[in-house]
K.L.:
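Before I ask anything, here is the structure I am working with.
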Amino acid sequence: MLTTDPARADVTGDENALVGVLLDAEGFLSFDEASRRIGVQLPPLAGIIALLEKRGFEIDAHPHLGLRLSRAPDLLLPALLTTGLKTVLIGKRVRHAMLLDSSNSEAERLAVSGEPEGTVVVAERQSAGRGRLGRAWFSPENLGIYLSVILKPPLRADRASFLTLCAAVSVTEAIRNVTGLEAAVKWPNDVILSGKKVCGILTEIETDGGRLDHAILGVGLNANQERGGFPPELYATSLKIELGAAVSRLELARAFLEALEKSYTLLESGDYGGIIDRWLDLSVTVGRRIRATSLDGRVLEGVATGLDENGCLLLRLDGGLTKRVTGGDISLLQ
Ligand code: BTN
């Protein structure tokens, strides 16, 4: 990314490495040891520290004791995100950018060039963030979480929507655990709070015959947007609006990746029922009267009764007939 503001340039490998060794040190680390561990000489080390300070890091530099990290900003840098992350697959590798067109597009580019499963791509801002059905995803700098995960699940293509269900469940659990807010899943790809959208999921797949070659699971979570901070046409909210206080994007992203690893393990072992059960527990859709609008504009109304074996929504029409809703949008009526 080209910019004249050093704090908005992409974080370099050296910066990330220094944050990592200072976090590991849990106290002061001598200048010599810090420069040895990240593999740079002392003079450039001073430049790296200066850059990190411009980004909001506070680093104590003591002439005898050395360096100590005393404060880190809420940036989703690999070293910050992976410290304490309890996963073996998801997020073991994190690629971070201050600005991307779309983290899903970047993840797709990486996946086709051989990036391993589990890699997470994070952007602090997106210039062309996208949602389902050709919609744009509002992606202001540092306020939301915009991340995409590269997955290579052993999954039939017609079951790809289980990836979206896994992600929706995982975001909902992360929000509940970190903030205590009563987030809930809304079919097919939303997480809602107080009836408004707080998170959207965009799953994009590449198939090979009837099976998935790889999938990109994209998550957009409104974390710290202010009231009135959304374009007026969006019926959206953020965690900060609902909680009345800013949230740690790092803590949320970590909680999400950990929850995703658990639900993805269910998927890998073929436990689709386990995913559906978890989704039903967290759902505001089932049992509600809904209006479903299909991609070609047809409208059906009825009561949502559950999910079928492919993750499609089951809708009981007023005449008693049950229909499968496979795509499009739904709105909750009562
Ligand atoms: C939707 O609700 O329609 C899905 C929105 C998905 C947005 C996320 S933000 C991170 C990832 N990158 C994108 O361009 N889109 C997804």
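Both counts, for ligands and for their atoms, begin at 1 and track the order of listing.
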K.L.:
What protein heavy atom sits nearest atom 1 (C) of ligand 1, and how far off is it?
P.N.:
Asn189 ND2, 3.2 Å
K.L.:
Could you list the atoms of ligand 1 found under 4.0 angstrom from a heavy atom of Gly131?
P.N.:
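It comes down to these atoms of ligand 1: 1 (C), 3 (O), 4 (C), 5 (C).
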K.L.:
Ser103 heavy atoms, cut-off 4.0 Å: which ligand 1 atoms fall inside?
P.N.:
10 (C), 11 (C), 12 (N)
K.L.:
Does a sphere of radius 6.0 Å around NZ in Lys262 hold more than 12 heavy atoms from other residues, nucleotides or ligands, not counting ones at 6.0 Å or beyond?
P.N.:
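At most 12 heavy atoms, drawn from other residues, nucleotides or ligands, come within 6.0 Å of this atom.
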K.L.:
Would you say the side chains of Ser105 and Arg130 form a donor-acceptor pair under 3.5 Å?
P.N.:
yes
K.L.:
So, Ser294 versus Asp296: side-chain donor-acceptor pair below 3.5 Å or not?
P.N.:
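The answer is yes; a qualifying pair exists.
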K.L.:
Take Arg159 and Glu309 through the salt bridge (Lys or Arg N to Asp or Glu O under 4.0 Å) test and state the conclusion after the steps.
P.N.:
CA-CA 8 Å; Arg159 292 214 160 118; Glu309 67 286 358; over 6 Å; no
K.L.:
Atoms of ligand 1 less than 4.0 Å from Arg132 heavy atoms?
P.N.:
1 (C), 3 (O), 4 (C)
K.L.:
Identify, for atom 2 (O) of ligand 1, the protein heavy atom at the shortest distance, and state residue, atom and that distance.
P.N.:
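In this structure, atom 2 (O) of ligand 1 has Lys197 NZ, 2.5 Å as its nearest protein heavy atom.
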K.L.:
Can you tell me the protein heavy atom closest to atom 5 (C) of ligand 1 and the distance?
P.N.:
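In this structure, atom 5 (C) of ligand 1 has Trp137 CE3, 3.4 Å as its nearest protein heavy atom.
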K.L.:
Output the list of atoms in ligand 1 that are nearer than 4.0 Å to some heavy atom of Leu147, sorted by atom number.
P.N.:
10 (C)
K.L.:
Contact between Gln126 and ligand 1, counting heavy atoms under 4.0 Å?
P.N.:
yes
K.L.:
Checking a contact table here: which protein heavy atom is nearest atom 8 (C) of ligand 1, and how many Å away?
P.N.:
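Here the closest protein heavy atom is Gly220 N, 3.5 Å.
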K.L.:
Give the residue and atom name of whichever protein heavy atom lies nearest to atom 15 (N) of ligand 1, and the separation in Å to one decimal.
P.N.:
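Heavy-atom neighbour on the protein nearest atom 15 (N) of ligand 1: Arg130 O, 2.7 Å.
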K.L.:
With heavy atoms of Gly129 as the reference, note each atom of ligand 1 found under 4.0 Å away.
P.N.:
14 (O)
K.L.:
Can you tell me if Glu106 and Ser148 form a side-chain donor-acceptor pair at under 3.5 Å?
P.N.:
no
K.L.:
Please round to the nearest 0.5 Å and tell me the distance separating atom CZ of Phe256 and atom CD of Glu261.
P.N.:
11.5 Å
